[in-house]
Structures are given as structure tokens and as C-alpha cells.
J.: 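Sharing a structure here in C-alpha cells format.
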Number of protein chains: 2
Amino acid sequence: MTADNRADHRPASPPLTERQEARRRRILNASAQLAARGGFDAVQMREVAEAAGVALGTLYRYFPSKIHLLVATMQDQLQHMHTTLRKRPPAGADPAERVAETLMRAFRALQREPQLADAMVRALTFADRSVSPEVDTVSRLTTAIILDAMGTEHPTPGQLSAVRVIEHTWHSALITWLSGRASIAQVKIDIETVCRLIDLTAPARTPEPTV
Amino acid sequence: MTADNRADHRPASPPLTERQEARRRRILNASAQLAARGGFDAVQMREVAEAAGVALGTLYRYFPSKIHLLVATMQDQLQHMHTTLRKRPPAGADPAERVAETLMRAFRALQREPQLADAMVRALTFADRSVSPEVDTVSRLTTAIILDAMGTEHPTPGQLSAVRVIEHTWHSALITWLSGRASIAQVKIDIETVCRLIDLTAPARTPEPTV
DNA sequence: CGCTAATCTAGAACAAGTTACAGACTTGAT
DNA sequence: ATCAAGTCTGTAACTTGTTCTAGATTAGCG
């Protein structure tokens, strides 16, 4: 889980030439930029194609649907966030605190581009089976971030369940905030509430024995 | 919270004649039926209108968008479920067990019509601000069901937060199951995991003192 | 009954995601 | 350098959600 740049981008089906990598990057940037103002609706395939300097058909060759595109955009952003978070790890004493702190930090980052967050999260939860592999990648990235914050190398099944529940809460709380049905304070409380599950699922094991 | 048929349907803006009520019902039934096979994509506005014997424009007068329609369909189904669940309350000893049992029962009900569930839940999480009031109604219904199962009349803020987290987990777990990224067993475990929060948020108060 | 406003119908029109296709351009191997 | 295969471009067409409009129906009221 440390420096694994395998599942990062394409699973390496065809190894993409340099120009292709550049196209892909232009597309993702255009997507993020359009999403940043205007949200989900503003990411229009024709506009993305034009902004990326690419034909519509090409855009669809790289990303077979708008949802695929936005989920890939999310992957991209999460990657950034993961490396950023690693530079300044959370300072809390116990795992629950650290996870809550990490998630709230991520949350504040998303607050700065609420429209982008909206587009990405809506795409993520709207994705159907055809996008499962990509959504799964996002999920694994999120799991990695949370486990990093916990400082847990070899999670028990119980801990994995807790992490999944935290992810569920994280996505869903984000959506309720983005659609104006919950305040930031409420999100914070709910994140802290769910993080208490961490203490619950590993109470007898890792009380920082200062090895 | 007992027999409140106020926020059930329309907030009573114009009181709807009998024929209008019938139209509305036909539309909701058509929606549920089309959703039941085919899921979200199969609920096409033209088809709903035709199946309900109503002009397209009329459909849009009753439900201003496909999302509104499906969220209303969900309200409808939840209402059924709530009354059904009330007939046979969960039998568990402590609140956490009862809530988990209730949710798994609801889950099994949805399993019987996975496509319908898919359409409704996707609509729910995809809904933007313009659907907030309706989504909020669904949320309140769900909260009512959970509080019912807990047997809690006057929840503390901490308990409300736990209930919200449970709802988040419920929706999100449902989605991951519907899109084939999680097994039923995993959903069950996660539901049980999150329900432990209930014990956590009201440990000093209601240990069944057999009043 | 006869009037008026609201509602409903049928159908066209528009918007954005998606697909299809003919022709130009790249790439990689010979 | 040349050829074949694969890729990209530009553009049109198709699908489905949504809007609009003109004329028929209905509801409520005197």
C-alpha cells in the first residue's frame, strides 16, 4: 500500500503513447475545470472535447461515458489528495481522531471547489455496473487513505467493515451537504460519530505500545 | 410520529380533485412497474406517461422531473414498508439489534425487486438541490422507521447523529450491493457494525430498567 | 345552462449524451 | 520509404429528458 503505481491509471491494457497520455491528461483537466464551475451539468461532453482539443469520438474512446470520465476525474483528484495528506499526517492521539481529522481535512479541500466535488460524487454514486471497476479503484484509494490515517497495516475484518462504514458515511454525508440538506457542523459531528467505530473494532490490540 | 398523514403526499398546495388523485396514483404505479423491470433507465418519461394514460405535459405537471418522479415513488414505497414493518415489530433485546433486524428486513424486501430499488436509490442520491424537499421527506420517513425500531421517543442529539450515520450507511451500502460491488453478507456485516453506534450513543440512559 | 380559468392532450421542438461513419493522420514493421 | 492497421477528426444522426404551444376538456360559479 506504500508506493504502488500499478492501479493508478489504466491497468496497462495498451501502454499509451506519449501523445495519448497527453490527450488523456488534457481531457481530465478540461473535465475538472468545467466541473469546478457549473458542477455536473456543466461537464458537457462536447465542451470537454473542445476544451481538450480533441474530437468527440476520441473523448468517447478514452472515456466511454460521462460517468466514466467523472469517476476517472475523481481518481485523479484523490491521488493528489492522498499524496498531499501524506506530507502532513494527522496528529491525533488515537486512530479515531486521526481518521476524523483526515476526513475533515479532505472535506475542507472539497469545500474549496464545491462544484467539482458535486460533479465527482454525483457521478460516483450514480455509476452503474458498467463502471464498477473504476468505482472500485476509487473505493480502494479511499480505503488506503483511511487506513493510512489509522496507522493500521493489517486490518482485521471488523476494522475493514468499520472502514467501509466510514466510507459510506463520508460519501453520503458529502452528498447531503452538497445538496444543501446538512450543515458543515452536522457533517463534522457525523464524521466524528462514525469514527468512534474504530475504537470499537480494535480495542484490545493497538494502544500504541511505543515499540 | 404516529398517524400523521400531513406530509405524506403533496404539502396540500392545491387540494387535488379525485380524478387528479387517481392520475397521480396511476403515474406512480406506472413508474414503479417500469422501474421494477429495467431499473432507472427503463423509467422513460414517455413510457410512464403512456402507461399511466396521461399526456407527457401532464406527467411533467405532476412531477417536474424524472428524479422527482422516482423520489416520489420511493416515498410511496417507504410508506408501505413503514406500515408493514409496524405490524411485526423487531424482536431483538437491545435497540441496536432491533434496528439491524429492521434494516435487514427492509433490505430483503428490496432484494425482491432489485431493479426498482436501483431506480429509486439512484434517483435519491443523484437528486440535486431542486429536489431537496422531497429527498428530505424520504429522509424523515427513514429516520422515523429507525427510531421506531430503536423504541426511542425523544432522541438525544448524539442519537440523531447515529441515526443519520446509519441512514448514510444504509443508502450507500445498498448502492454498492445494487451495483454488484458488495455481497449481501458484507452489507449485513456493515449494517450490524454501524448499528453498534446505537449502544455507544446512549449507554448511560436506557438499559431497559423494566419500568 | 353558460362563462371563465385551470387543466389536459397531442405533438413538435430543443438539449445533451451517445453512436456511426467517411476521410485524414500516426505508428510500427518491413 | 512504403504499406497496413490502428487512431483521430469532423460531422450527422439517434435517443431520451425537458419545454413549448394550440386546441380540447373539465371544474367551479353565477
Side-chain angles (χ1 to χ4, degrees), chain A residues 10 12-28 30-31 34-35 37-73 118-120 122-123 126-131 134, chain B residues 10 12-28 30-31 34-35 38-73 119-120 122-123 126-131 134:
Chain A
R10 302 298 75 213
S13 320
L16 288 206
T17 75
E18 199 164 330
R19 304 185 54 186
Q20 287 174 322
E21 200 63 64
R23 271 194 204 100
R24 192 183 138 82
R25 192 107 297 287
R26 284 204 309 274
I27 292 175
L28 285 175
S31 167
L34 284 172
R37 44 192 188 80
F40 187 89
D41 292 335
V43 181
Q44 303 193 354
M45 299 305 267
R46 287 172 238 259
E47 290 208 25
V48 173
E50 187 182 3
V54 121
L56 189 54
T58 305
L59 172 51
Y60 273 95
R61 171 184 280 271
Y62 281 75
F63 302 97
S65 79
K66 175 169 172 172
I67 300 293
H68 282 85
L69 171 57
L70 283 172
V71 171
T73 304
D118 176 72
M120 297 189 306
R122 296 260 291 288
F126 191 64
D128 67 355
R129 303 182 100 89
S130 72
V131 203
E134 288 80 1
Chain B
R10 304 295 75 215
S13 320
L16 288 206
T17 76
E18 200 163 329
R19 305 184 53 187
Q20 286 174 321
E21 201 63 65
R23 272 195 204 99
R24 193 184 138 81
R25 192 109 297 287
R26 283 205 308 277
I27 293 174
L28 285 176
S31 167
L34 284 172
F40 187 89
D41 291 337
V43 181
Q44 302 194 356
M45 298 305 267
R46 285 171 240 260
E47 289 208 25
V48 172
E50 187 180 5
V54 122
L56 190 55
T58 305
L59 172 52
Y60 272 97
R61 171 184 281 272
Y62 281 75
F63 302 96
S65 79
K66 174 169 173 171
I67 300 293
H68 281 85
L69 171 58
L70 283 172
V71 171
T73 304
M120 297 189 307
R122 296 260 292 288
F126 191 63
D128 66 355
R129 306 181 100 89
S130 72
V131 204
E134 289 79 1

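Within every chain, numbering begins at 1; the chains are lettered A, B, ... in the order of the sequence lines, protein sequences first and strands thereafter. Hydrogens, waters and symmetry mates play no part in the numbers below; they use all other heavy atoms, side chains included.
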J.: Could you check which of C:dT18, D:dT7, D:dT18 has an atom nearest any side-chain atom of A:K66?
T.: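 Closest nucleotide to the A:K66 side chain: C:dT18.
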J.: Measure the spacing between CD1 of A:I67 and CZ of A:F40 and express it to the nearest 0.5 Å.
T.: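 These two atoms lie 4.0 Å from each other.
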J.: Give the rounded distance in Å between these two atoms: CG of B:L70 and P of D:dG17.
T.: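 Those two atoms, CG and P, are 10 Å apart.
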J.: Please confirm whether the shortest side-chain N or O distance from A:R46 to OP1 or OP2 of C:dG17 is below 4.0 Å.
T.: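 Answer no for this pair, as no side-chain N or O of A:R46 is under 4.0 Å from OP1 or OP2.
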J.: Any idea which of D:dG28, C:dA12, C:dC8 is nearest the B:T58 side chain?
T.: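 Looking only at heavy atoms from C-beta outward on B:T58, the closest nucleotide is C:dC8.
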J.: From CG of A:D41 over to C1' of C:dA16, roughly how many Å is that when rounded to an integer?
T.: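 Between C1' of C:dA16 and CG of A:D41: 10 Å.
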J.: Using OP1 and OP2 only, check whether a side-chain N or O of B:Y62 sits under 4.0 Å from C:dC8.
T.: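 Yes, within the criterion.
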J.: Among D:dT19, D:dT26, C:dT27, which is the nearest nucleotide to the side chain of B:R19?
T.: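 Side chain of B:R19 sits closest to D:dT26.
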J.: Can you tell me which nucleotide in D:dA27, C:dT7, D:dG17 comes closest to the side chain of B:T17?
T.: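 The answer is D:dA27, which lies nearest to the side chain.
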J.: How many angstroms lie between atom CE of B:M45 and atom CZ of B:F63, to the nearest 0.5 angstrom?
T.: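 So the CE of B:M45 and the CZ of B:F63 are separated by 9.0 Å.
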J.: What's the CD1-P distance between B:I67 and D:dT16, to the nearest Å?
T.: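 Rounded to the whole Å, the gap is 16 Å.
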J.: Would A:V48 and A:K66 count as a side chain to side chain contact (heavy atoms under 4.5 Å, CB included) if you check the C-alpha gap in whole Å, the side-chain angles of each, and the deciding distance to 0.1 Å?
T.: CA-CA 10 Å; A:V48 173; A:K66 175 169 172 172; over 6 Å; no
J.: Does B:Q20 place a side-chain N or O at less than 4.0 Å from the phosphate oxygens OP1/OP2 of C:dC8?
T.: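 It does, given that an N or O in the side chain of B:Q20 lies less than 4.0 Å from OP1 or OP2 of C:dC8.
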J.: Could you measure the distance from the CZ atom of B:R19 to the CZ atom of B:R23? Nearest 0.5 Å is fine.
T.: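 Between B:R19 CZ and B:R23 CZ, I get 5.0 Å after rounding to 0.5 Å.
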J.: With side chain to side chain contact (heavy atoms under 4.5 Å, CB included) as the criterion, how do A:L34 and A:Q44 come out once you've worked through the C-alpha distance, each side chain's angles and the decisive distance to 0.1 Å?
T.: CA-CA 8 Å; A:L34 284 172; A:Q44 303 193 354; over 6 Å; no
J.: Among C:dA10, D:dG17, C:dG17, which is the nearest nucleotide to the side chain of B:A55?
T.: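 Among C:dA10, D:dG17, C:dG17, the one nearest the side chain of B:A55 is C:dA10.
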J.: What is the distance from CG of B:L69 to C1' of D:dG17, rounded to the nearest Å?
T.: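 That distance rounds to 12 Å.
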J.: Of B:P64 and A:R26, whose closest DNA chain D nucleotide lies nearer the 5' terminus?
T.: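 Upstream on the strand: A:R26.
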J.: With a non-hydrogen cut-off below 4.0 angstrom, is A:V43 in contact with a base, only sugar-phosphate, or nothing?
T.: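 Sugar-phosphate, backbone atoms only, no base.
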J.: Rounding to a whole Å, what distance do you find between A:D128:CG and C:dG17:C1'?
T.: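 It is 14 Å, rounded to the nearest whole Å.
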J.: For the side chain of B:Q44, counting heavy atoms from C-beta on, which of D:dT16, C:dC8, D:dC8 is nearest?
T.: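 Side chain of B:Q44 sits closest to D:dT16.
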J.: CD of B:E50 versus C1' of D:dT16: gap in Å, rounded?
T.: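 In whole Å, D:dT16 C1' lies 15 Å from B:E50 CD.
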J.: Once you round it to whole Å, what is the distance between P of D:dT18 and NE2 of B:H68?
T.: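 Value for this atom pair: 10 Å.
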J.: Report the distance from atom OH of B:Y60 to atom C1' of C:dC14, rounded to the nearest whole Å.
T.: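 Distance, rounded to whole Å: 12 Å.
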